[in-house]
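Structure first, then comments.
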Amino acid sequence: MKKKNKQKSTKLAASDLQKIGFPAGKPLGTALNIIHTYYTDLGKNHQIELLQDVMAAPDQYQLHATLGPLAQAILARNETKPVDLKQERQEYKVYGAEGIQEGAFQQMEIAMCLPVTHAGALMPDAHQGYGLPIGGVLATLNAVIPYGVGVDIGCRMSMSIYDIHHGFLNKNREELKKMLMDNTRFGFTSFKKPMYHEVMDRHEFSEIPIVHELKDRAYQQLGTSGGGNHFVEFGTVEIQDANNEFGLPLGTYLSVLSHSGSRGLGANIAGYYTKVAMDVCRLPLEAKHLAWLDLDTEAGQEYWMAMNLAGDYASACHHQIHQRLSAALGTEPMATIENHHNFAWKEKDAKGREVIVHRKGATPAGKGVLGIIPGSMATPGFIVRGKGDPASLNSASHGAGRVMSRTQAQKTLSLPDVQKQLKKAGIEVIGSSLDEAPMVYKDIHKVMASQEDLVEIVGTFQPKIVRMNGDEKYMEVD
DNA sequence: ATGTCC
């Protein structure tokens with residue numbers, strides 16, 4: 001451990017430059033590149049001194065053979081006018097406030113002071129994130145905030161309902177487990193030969209340089225799920241609404257539910273355009289991750305196209321997951337439901353004005369819009385129909401929301417206890433780990449109760465065989 | 001969320 005720190009400290013890092021107040025964004029990135037390309041032989045202290053000299057008098061270094069680009073980046077930044085937050089923040093509606101921690105409110109309040117903010121709302125599963133809280137909904141005017149969309153662009157839910165009686169599940173557990181093992185991939189694993197999908201032919205892959213760089217890995221990761229809270233699971237779904245849109249008779253069916261996003265593609269698009277935004281939109285420190293791109297600029301248009309591509313890519317991954325599992329089951333689904341919950345949409349507000357609605361961990365819930373709100377690996381998820389509550393900006397929660405951080409879960413929970421609870425509930429889990437155990441989430445029933453104005457329940461899903469990222473034997477019971 | 005500090 002000590003060795004590692006010592007090694008790290010000899011190489012100039014972003015943190016060293018932040019300490020001396022070096023401007024974040026492009027100047028910092030350029031500085032590191034130049035130092036690590038041309039000045040590796042210089043000691044760290046001398047490297048810092050050199051950069052401080054450029055920072056103090058960038059105009060004198062503009063034409064310097066190696067330091068010129070850095071000087072220009074600093075000058076460009078100095079020319080960018082800082083953006084002030086509004087003194088008075090706009091009001092926003094909160095659902096299920098009693099279950100939301102202070103950090104999420106604070107972040108939402110900063111977001112409500114942005115000069116581009118039009119309206120906002122906080123969902124009952126809200127918790128702290130980067131910039132906008134997870135569970136935050138923010139409508140802006142002609143501006144898109146990359147971290148208002150989130151890192152996993154287009155992350156979504158997808159469900160297939162089969163004309164198979166739910167009793168099939170208990171009789172065929174081993175076969176279904178094998179289907180999940182054969183047809184899903186998590187984390188750093190992928191399929192040997194990914195299945196073709198037309199999303200890979202999209203022009204954005206050749207027209208946007210950053211997106212072009214990400215194409216090969218995106219192809220390799222097609223049809224895969226990621227890590228963290230991503231899952232693919234078999235379960236039962238009980239259709240409770242006789243007037244459901246699918247024309248399904250009331251009853252309980254076999255179903256597949258998946259949760260995942262745009263993998264490396266979306267994550268890298270998010271990271272890249274957040275940096276671009278922070279270069280052109282200089283916000284006070286506490287708001288810096290809310291940097292936005294004006295949609296009338298080239299960068300704004302480019303992000304919008306890249307974001308939409310990442311969303312469609314996430315959708316393609318889900319479709320392939322369900323396509324593979326349907327083939328393994330030897331049948332086609334009777335009904336499918338899909339919704340993203342990390343995205344920005346062009347929508348109209350109540351007065352007909354076009355706004356950019358960011359939903360960062362929030363389910364679209366316009367009147368009559370169907371969506372899926374998952375609970376946890378052991379608790380129910382819900383097929384929901386939006387009621388179109390304007391105060392929520394036509395949104396609802398995207399899950400139960402965490403009550404315990406990942407590190408806290410690893411520290412305080414007991415694996416045998418969790419295994420015992422899963423066994424008792426008749427739920428098998430492949431992979432995953434303690435930081436996704438059911439008790440790290442809020443009570444989904446309470447969360448649903450706090451958003452009765454936002455959605456009505458069409459059906460209830462109960463997970464039975466769950467696959468997540470991690471050692472496949474880890475959560476195994478018996 | 002992510003081959004996770006440029």
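Remark: P of B:dT2 and CZ of A:R263 are 5 Å apart, rounded to the nearest angstrom. Distance OH (A:Y130) to C1' (B:dT2): 12 Å, rounded to an integer number of Å. Rounded to whole Å, the distance from CG on A:D152 to C1' on B:dT2 is 9 Å. Taking atom CG of residue A:N469 and atom C1' of nucleotide B:dT2, one finds them 12 Å apart after rounding to whole Å. Counting to the nearest Å, the P atom of B:dT4 and the CD1 atom of A:I269 are 17 Å from each other. Between the P atom of B:dC5 and the NZ atom of A:K11 lies a distance of 13 Å, rounded to the nearest Å. A straight line from CG of A:D216 to P of B:dG3 spans 14 Å, rounded to a whole angstrom. Between A:R77 atom CZ and B:dC6 atom P there is a gap of 20 Å when expressed in whole angstrom units.
The aromatic rings of A:F343 and A:W345 sit perpendicular, their planes meeting at an angle over 60°, well past the 30° parallel limit.
The side-chain tip of A:R467 does not point at the ring of A:F234 from less than 6.0 angstrom away and within 45° of straight on.
Of the candidate nucleotides B:dC6, B:dT2, B:dG3, B:dC6 has the atom nearest to the side chain of A:K275. Proximity note for A:R217 (side chain, C-beta onward) versus B:dT2, B:dG3, B:dC6: the nearest is B:dG3.
Counting non-hydrogen atoms under 4.0 angstrom, A:G187 reaches nothing in the nucleic acid. Counting non-hydrogen atoms under 4.0 angstrom, A:L28 reaches a base of the nucleic acid.
The backbone N or O of A:Y272 sits nowhere less than 3.5 Å from a side-chain atom of A:T274 that would complete a donor-acceptor pair.
DNA chain B is contacted by both A:N33 and A:G264; A:G264 maps to the nucleotide lying nearer its 5′ end (nearest heavy atom per residue).
The shortest distance between side-chain heavy atoms of A:M475 and A:L422 falls below 4.5 Å.
For B:dT2, the OP1/OP2 oxygens have no side-chain nitrogen or oxygen of A:Q221 closer than 4.0 Å.
Proximity of the aromatic rings of A:H340 and A:H318 is defined here by a centroid distance below 6.0 angstrom, and this criterion is not met.
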